[in-house]
Structure formats: structure tokens, C-alpha cells
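Okay, structure first, notes after.
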Amino acid sequence: MISILIPAYNEEKSIGRILSGILALKVPGEVIVVDDGSTDSTHEIARGFPVKIVRHESNKGYGAAIKTGIREAANDIIVTCDADTEHSIEDIPKLL
């Protein structure tokens, strides 16, 4: 079991695509989105997926979002994936 951690700040254009792709991989474990105080619809879009969402009330920065996600993770193995599609989610099974 793994925890896939996605820090997100104002990623309404890509968060749905990233979450759809990750969930399609059917990796055993959980997906955690840390909404780092987004002012767009990132949070609302993420709520439409079967994932755990943690929300910062204000933007605290990438490092704080990662730390929050690690604290919330239920599993020992944690994979981070950026919400802006910078990382190739197809590499997650290869990594595991």
C-alpha cells in the first residue's frame, strides 16, 4: 500500500486530469491532495474524486504542503506527484 501525495495550488486546469490518470492506474493505497490555499476551483474539482483532501486556509508554500501530506499519509511508502502535470504519472508503477 502506498500514499500518493499531490500538493496543489491554483491547479484547476490540471487537477482533474491528474487525479483521473492516477486513479486509472489502480495503485493500491490512497491519494491525498493538499490544497495549499487555492483561490480558484482546485478544491471543488478535487472533491469530485474519491481522494483524501487536506486544505490549507492560506497558501503556505510547496514545502509546507508536502509536510502536511506526509503527516496525513496512512502508508509508509509515499510518492509525490505535482498537480501541474510536470511529472509523468505513468512512471508511478515503474517506480514501485
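- Residues forming a salt bridge (charged side-chain N to carboxylate O under 4.0 Å, His left out) with Asp35 (at least two apart in sequence, or on another chain): Arg55.
- Put simply, the residue from Thr80, Val27, Asp76, Asn75 that forms a side-chain contact (heavy atoms from CB on, under 4.5 Å) with Ser3 is Asn75.
- No single ILVMFWY cluster, assembled from side-chain heavy atoms under 4.5 Å apart, contains both Ile53 and Leu5.
- Between the side chain of Asp36 and the main chain of Gly61, a donor-acceptor pair closer than 3.5 Å is present.
- Between Asn10 and Thr39 the shortest side-chain heavy-atom distance falls below 4.5 Å.
- Judged by distance alone, the side chain of Glu30 and the main-chain N or O of Ala74 form a donor-acceptor pair under 3.5 Å.
- The two residues Ala8 and Ala83 come nearest to each other via the heavy atoms CB-CB, 3.9 Å.
- For Lys13, there are no salt bridge (charged side-chain N to carboxylate O under 4.0 Å, His left out) partners at least two apart in sequence or on another chain.
- The structure places CD1 of Ile4 at 11.5 Å from CD1 of Ile78, a figure rounded to the nearest 0.5 Å.
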Solution key, residues 41-51 side-chain donor-acceptor pairs under 3.5 Å, sequence neighbours excluded:
unit_1	atom_1	unit_2	atom_2	d
Ser41	OG	Glu12	OE1	2.7
Thr42	OG1	Glu11	N	2.7
Thr42	OG1	Glu12	N	3.1
Thr42	OG1	Asp40	OD1	2.6
Thr42	OG1	Asp40	OD2	3.4

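- In the hydrophobic clustering of ILVMFWY residues, with side-chain heavy atoms under 4.5 Å counting as a link, Ile70 and Ile92 come out apart.
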Can Leu23 and Leu25 be said to form a side-chain contact (heavy atoms from CB on, under 4.5 Å), step by step?
CA-CA 5 Å; Leu23 293 171; Leu25 294 174; over 6 Å; no
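- A continuous path of ILVMFWY side-chain contacts below 4.5 Å connects Val54 to Tyr62, so both sit in one hydrophobic cluster.
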Passes side-chain contact (heavy atoms from CB on, under 4.5 Å), Asp82 versus Ile6? Steps please.
CA-CA 6 Å; Asp82 284 351; Ile6 305 167; over 6 Å; no
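- Expressed to the nearest 0.5 Å, how far SG of Cys81 lies from CD1 of Ile18 amounts to 5.0 Å.
- No chain of hydrophobic side-chain contacts below 4.5 Å, direct or via other Ile, Leu, Val, Met, Phe, Trp or Tyr residues, connects Ile32 to Tyr9.
- Residues His56 and Val34 have side chains in contact (heavy-atom distance under 4.5 Å, counting atoms from C-beta outward).
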